[in-house]
Amino acid sequence: MLEEVLRQLFIKSFKNLYAQEPPVQQVNFQKTRPEFEGDLTIVVFPFSKLVARNPEQLANEVGAEMLKESSLIARFNVVKGFLNLLISDAFWFDFFKTHRCVEQFGRKEVSGRPIVVEYSSPNTNKPLHLGHIRNNLLGWSVSEILKANGQHVVRVNLVNDRGIHICKSMLAWRKWGNGCTPESTGKKGDHLIGDFYVLFDKEFKKELKELLPPDFDTLDEKQQEAARAKAEDVSPLMQEAREMLRKWEAGDAEVRNLWNTMNGWVYDGFDVTYKRLGVSFEKIYYESQTYLLGKELVQEGLDKGVLYRREDNSVWCDLRDEGLDEKLLLRRDGTSVYMTQDLGTAQLRVKEYDPEKLIYVVGNEQIYHFDVLKRVLVRLGREWGKQIEHLSYGMVELPSGKMKSREGTVVDADDLMDEMVATAKAVSEELGKAKDLSAEEAEKLYHVIGLGALKYFILKVDPKKTMLFNPSESIDFNGNTGSFIQYTHARICSVLRKAAEQGIAFENEVPAGDLLPKEKEIIVMMYGWPNVLAQAAENRSPAMVANFIFDLAKEFNQFYQECSILKEEDVNRRQLRLQICDMVSRLLRNAANLLGMEMPERM
RNA sequence: GGUCUGGUAGCUCAGUUGGAUAGAGCAACAGCCUUCUAAGCUGUGGGUCUUGGGUUCGAGUCCCAACCGGAUCACCA
């Protein structure tokens with residue numbers, strides 16, 4: 001690593017001069033600002049006190065010594081306390097020569113125990129929306145980034161396929177569906193079921209209105225809540241739904257059949273969406289099969305005395321001494337809650353995979369839940385609970401605020417993808433880009449561009465931040481966008497194609513010589529990729545990869561504008577530039593793939 | 001109210017062990033296609049980094065306080 005070598009060189013030179021060792025952690029590098037000559041800069045302020053010299057003098061002395069000690073340094077200059085080092089071209093040539101043809105530059109060999117990444121985790125009572133898109137893209141991309149960085153990753157999905165909300169859809173379908181199916185209506189299964197969920201809610205609200213006391217509006221908040229709870233309790237629709245849930249839990253054949261059929265429709269719908277989105281899983285868990293799992297753990301906790309039972313028979317974990325609250329683990333009727341089954345599924349995964357880490361990609365509204373989950377596990381003697389990591393991401397908001405299913409203010413995943421592809425098509429046609437493609441190739445291209453733009457739009461934002469999506473402004477195809485990256489790649493491919501047509505061959509050797517600023521800048525940037533990848537993995541941040549490929553693409557486009565490639569007359573220089581093109585295209589492709597973006601060869 | 005989290009250009013966002021004159025894109029304006037793909041490139045304008053203190057050679061970045069926003073604190077999942 002360049003920085004490490006330079007650090008040692010700095011320390012050695014410093015010792016030569018002043019006969020004492022500078023504190024290693026203080027020897028830090030930053031990229032030299034473009035207005036000064038140099039590649040890397042050492043800030044010498046921290047050392048000036050040590051040897052009683054002013055920073056500028058110190059930098060000059062150390063710089064001269066480093067120059068004398070190593071051929072790595074071509075030149076140096078000093079501005080105030082900043083020692084700017086210019087690395088010799090030979091170093092960059094050497095790097096370029098050894099890495100330009102590496103198929104997956106920066107990628108590490110996979111080893112070690114797996115990381116289990118859970119993401120997606122949909123409910124089967126409604127179709128996926130923009131929030132799920134963020135979740136799915138994040139989960140998938142973070143997994144890819146971890147893999148590229150040498151981690152063994154297992155992607156899992158936990159489908160919430162049971163509970164009162166599913167029963168609401170089932171009940172609505174039975175009451176008002178007239179036996180309709182995805183086939184008979186021509187609707188995707190998940191959308192069909194989602195419509196019945198909404199319908200239930202609508203009818204239920206109507207019913208509720210009748211059941212609320214006439215003076216409801218005049219009551220204070222507390223009284224209103226009580227009145228509502230009372231009305232919900234006696235609501236015939238709600239009673240029916242609850243009855244259905246009881247039958248489901250009792251294994252009632254008719255209910256189970258209906259449940260199987262309807263969930264089947266939803267899964268078919270989800271499969272289409274997942275496939276289009278390009279995400280996948282090694283294993284899918286279903287809550288209907290895991291919801292009883294945590295009970296044994298709770299019993300164990302009771303036996304050990306780390307949990308306790310109240311008089312009403314409910315079971316709790318007291319976390320007040322850790323600054324949290326008491327947490328319910330079993331209801332008074334003995335049934336389990338969300339937390340209980342999460343305890344159970346975590347235990348199951350540990351048994352199945354012996355993972356080094358469990359990552360849960362779940363929205364930031366559940367931070368508290370996962371905090372509690374970890375602590376309860378540790379109380380139960382499961383030290384691996386500490387290895388649980390909640391990768392929490394921010395909500396996607398609309399200009400009107402949060403998306404709410406019931407108020408119809410959600411951006412549907414399928415609709416959004418349709419729109420992206422349609423816009424990609426319109427833009428391509430307007431620019432006359434797809435003339436030479438067959439209809440089939442063109443459709444494929446529109447998909448790649450539309451989805452690429454969507455994925456980049458979502459992933460370029462730091463996961464933990466709330467992000468804004470404005471449906472009235474379509475996602476851009478110019479500027480800092482997925483299309484820009486793809487376009488740059490296609491452009492390079494075009495140059496490489498033309499080179500082949502003109503019979504310009506790639507040579508094994510990299511022609512020696514000097515590097516022009518634009519050529520060098522690209523090579524320097526590519527040199528930094530393994531570090532970016534490592535940072536992205538550590539921070540679970542696809543945004544870092546997105547920023548990198550944007551910077552690289554931007555740099556390349558400037559190079560492309562300033563420098564001829566095929567028309568360069570100096571054959572050595574032409575060769576070098578072609579080789580740079582080749583490496584840039586490969587790196588852009590590999591890095592963009594980590595975001596789930598496909599890279600077209602023409603567009 | 002407690003806890004967590006955010007506040008950077010008109011808008012969307014970068015800015016990660018504290019470093020030099022805070023950066024992109026969009027939008028606006030002005031240029032560049034008979035020459036390797038103009039989904040591109042170049043330039044102009046646009047900032048009290050919410051506010052006030054503190055730490056130090058140096059703070060958008062660290063600490064404290066205030067203001068504004070969001071999340072959460074369920075016998076829902």
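Letters A, B, ... mirror the listed sequences (proteins, then strands); counts begin at 1. None of the values given here were measured: they were computed from a predicted structure.
Residue A:Asn478 has its side chain nearest to B:C26 when only B:U17, B:A14, B:C26 are considered. Across B:C75, B:G6, B:U16, the shortest atom-to-atom separation from the side chain of A:Lys465 is found for B:G6.
Backbone-only contact: A:Lys464 has heavy atoms under 4.0 Å from sugar-phosphate atoms and none from a base. Within the 4.0 angstrom heavy-atom criterion, base atoms lie near A:Asp312. As judged by a 4.0 angstrom heavy-atom cut-off over every strand, A:Cys563 is placed among the base-contacting residues.
In this model, a donor atom of one side chain and an acceptor atom of the other lie less than 3.5 Å apart for A:Thr32 and A:Thr41. Side-chain N/O atoms of A:Asn557 and A:Thr488 include a donor and acceptor closer than 3.5 Å.
A stacking contact between A:Phe550 and B:A24 is absent: the pair does not combine a ring-centre distance of less than 5.5 Å to the base's six-membered ring with planes differing by less than 30°. Residue side chain A:Phe45 fails the stacking definition with respect to B:G58, as its ring centre and the base's six-membered ring centre are not both under 5.5 angstrom apart and under 30 degrees in plane angle.
Between A:Ile485 atom CD1 and B:A24 atom C1' the separation is 12 Å, expressed in whole Å. Spacing between atom CG of A:Asn557 and atom P of B:U37 amounts to 12 Å, rounded to whole angstrom units.
Under the side chain to side chain contact (heavy atoms under 4.5 Å, CB included) criterion, A:Tyr338 pairs with A:Asp342, A:Gln366, A:His369, sequence neighbours left out.
Helical stems in RNA chain B, defined as runs of 3 or more consecutive Watson-Crick or G-U wobble pairs with both donor-acceptor distances under 3.5 Å, are listed by first residue as B:1-7 with B:67-73, B:10-13 with B:23-26, B:28-32 with B:40-44, B:50-54 with B:62-66.
For the pair A:Arg7 and A:Phe29, the NZ or CZ position fails the cation-pi test of under 6.0 Å to the six-membered ring centre and within 45 degrees of the ring normal.
For B:U72, the OP1/OP2 oxygens have no side-chain nitrogen or oxygen of A:Gln366 closer than 4.0 Å.
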